[in-house]
There are 2 protein chains.
Amino acid sequence: MNTLELIKKNLDTFSKSERKVAEAILASPETAIHSSIANLAKIAEVSEPTVNRFCRRLDTKGFPDFKLHLAQSLANGTPYVNRNVNEDDGPEAYTSKIFESTMACLNAAKNGLDTNLINRAVDVLTQANKISFFGLGASSSVAHDALNKFFRFNIPVSCFDDIVMQRMSCINGSEGDVIVLISHTGRTKPLVEIAQLARENDAFVIALTAEDSPLAEQSNLVLSLGVPEDTDIYMPMSSRIAQLVLIDVLTTGFTLRRGAKFRDNLKRVKAGIKDSRFEKTNDEAL
Amino acid sequence: MNTLELIKKNLDTFSKSERKVAEAILASPETAIHSSIANLAKIAEVSEPTVNRFCRRLDTKGFPDFKLHLAQSLANGTPYVNRNVNEDDGPEAYTSKIFESTMACLNAAKNGLDTNLINRAVDVLTQANKISFFGLGASSSVAHDALNKFFRFNIPVSCFDDIVMQRMSCINGSEGDVIVLISHTGRTKPLVEIAQLARENDAFVIALTAEDSPLAEQSNLVLSLGVPEDTDIYMPMSSRIAQLVLIDVLTTGFTLRRGAKFRDNLKRVKAGIKDSRFEKTNDEAL
DNA sequence: CTAAAAATGAAATAAAACTACATAAACGAC
DNA sequence: GTCGTTTATGTAGTTTTATTTCATTTTTAG
């Protein structure tokens, strides 16, 4: 938590002298971080040990440590924090907020991931006979993206955003099939039914969804992104971005697992795409 | 400027011992700010004055002052640096690397964006009679995602990933139409032709693509993401993530511009989706 | 009003950072 | 190569800064 806010909040828990210190800091935090303990003590009109005790009360190791914390909370605009967009934000403001919130979200997702489960998911995917990606609504573009990635691996892979097609695909499934279901909430009814259906047909179900959700319960393996649900109507689902990055992680794991000869294949695909492009050299001549 | 990046940038201006210090700090900035000068000297295997000289070279008053700056830049900027995945990385390593690289990429994209152009794009979009999103290959899922977002606004919006459909859609176009073309490189031939065709039919063309690319030249308005091209075959196109976030930004700008009564509409859409979901309360009872 | 507890500061101690200087390495001219 | 110069680095000592100890003052409860 922001140190400055912490001081403000705890103002009444301090003793008389400690409050003097608190007020001196709040009055000019910039001065505080560039002062020695002796200097700050003089400004606050207290003794040095009082300042020291004040620092410890705020769960820091001492004055230098406190200065570090304070410096961090002074650092411009507390980024990487989910800041909601306001009605009166200008383009500058909402652009920054959205980018920063997304980064904060990715950071949270990263910390919440279980790499053991990722490893298992990669295991399962590399051994699959056929992989399908299903998502609905906003998640369908994630599934679509996953298709695009795995398609390059030259393995049987499909992606449907139509419930009927998803069901048919499941019914025709067999052992060795892996179904990856993508849903932020894990509460989308049709998708939960798909998970059930897939498992009844001996497919292995990997879910990219919230822990403890109905979908999670119906899946063989759950990769949960500890991303909070959107509280804000403006803030458009960063969770989806985290899902995409997770897809990237799985793809990378897959590539690494398959080894060197497999990677040559990827280079060929990349080269193949090139032909449909304007060459960079040509272009610079234009 | 971000202290960490500053160190990285100036790596070659340092002397041998100073570089050791720099590397020790880059390896673990968190450790650095919580160490004494003696401790850091030991980690970097140099003497204390060397550390001190290193600090001064970076325009700080000394070690404590340097720690303050570093602490601020850790709180402020990205401690994330684009690190490539190695063949022998474990799940832990490649997961971190991909998430961190993506965050670094978003940070770069954020800093490279021109908010004036974003504002103009929002202008154009709010005044459009009809909006179309076109992308091919990996970018088609971005277009798909954009469709999903703008669809909620209850305005005529479409999305095609089929070149023929894209062409037909352009030919039927008229003034007031806005076409958003998405391409990382801006060198995908069919898409460049689409841009041309769209403009011939009086549509306004917004491109989410690289500066100075053929596609950029054919567009009315270019939103470029200063994201470097992927050098690594493992690292799967973070640019696409940046594009998605940019879509989020445009969506948000759109929502804000349309004002309060319009936002009620969004709430209705969100509520409408809810019916297809398992309720959270029900679920927790299960 | 008094005794116990809490708060505070003076002084001493400990730790950290910095400076001056000596030595070592690198560089260039011959 | 070798001598002289410049630059880099470390040792040891000095100064600054932070912390601890303990005596004094203030507050609080009975």
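To find a chain, count down the sequence lines: A is the first, B the second, and so on, and within it residues start at 1. The shown structure was predicted, so the numbers you read here are calculated from the model rather than taken from an experiment.
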Pairs under 3.5 Å (N/O, protein and nucleotides 12-18 of chain D):
from	atom 1	to	atom 2	distance (Å)
D:dA18	OP2	A:Ile37	N	2.3

Extract from the structure each pairing of a protein N or O with an N or O of nucleotides 21-27 of chain C at less than 3.5 Å, listing the distance.
from	atom 1	to	atom 2	distance (Å)
C:dA26	OP1	B:Lys16	NZ	3.4

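Sorted by first and then second residue, the salt bridge (charged side-chain N to carboxylate O under 4.0 Å, His left out) pairs involving residues 21-48 of chain A (not counting sequence neighbours) form an empty list.
Checked against side chain to side chain donor-acceptor pair (under 3.5 Å), A:Asn148 has no partners two or more places apart in sequence or in another chain. Take A:Phe14 and apply the ring-ring contact (aromatic ring centres under 6.0 Å, His included) test, not counting sequence neighbours, and it matches A:Phe54. Remark: A:Thr60 engages no residue in a side chain to side chain donor-acceptor pair (under 3.5 Å) (not counting sequence neighbours). In this structure B:Arg57 satisfies the salt bridge (Lys or Arg N to Asp or Glu O under 4.0 Å) test together with B:Glu18, sequence neighbours excluded. Listed by chain and residue number, nothing satisfies the side chain to side chain donor-acceptor pair (under 3.5 Å) test with B:Ser224 (two or more places apart in sequence, or in another chain). Applying the side chain to side chain donor-acceptor pair (under 3.5 Å) criterion to A:Asp123, with sequence neighbours excluded, gives A:Arg257.
Separating the NZ atom of A:Lys61 from the C1' atom of C:dA15 is a distance of 12 Å, rounded to the nearest angstrom. Between the CG atom of B:Asn39 and the C1' atom of C:dA17 there is a distance of 14 Å, given to the nearest Å. As rounded to whole Å, 13 Å separates atom C1' of C:dA17 from atom CG of B:Leu40. Look at CD on A:Glu18: it is 10 Å from P on C:dG9, rounded to the nearest Å. Rounded to an integer number of Å, the gap from NZ of A:Lys42 to P of C:dG9 is 16 Å. As a whole-Å value, the separation of B:Phe54 CZ from D:dT9 P is 12 Å. Taking atom NZ on A:Lys20 and atom C1' on C:dG9, their separation rounds to 11 Å, with Å as the unit.
The SG atom of A:Cys55 sits 8.5 Å away from atom CG of A:Asp65, with the distance rounded to the nearest 0.5 Å. Taking CZ of B:Arg240 as the reference point, atom CD1 of B:Ile182 lies at 12.5 Å (rounded to 0.5 Å).
Remark: B:Ser15 is not in phosphate contact with D:dT7, judged by side-chain N or O atoms under 4.0 Å from OP1 or OP2. Taking 4.0 angstrom as the limit, A:Thr50 places a side-chain polar atom (N or O) nearer than this to OP1 or OP2 of C:dG9. One finds a side-chain N or O of B:Ser17 lying less than 4.0 angstrom from the OP1 or OP2 phosphate oxygen of D:dT9.
Residue A:Val51 is out of contact with every strand shown, counting any heavy-atom pair closer than 4.0 Å.
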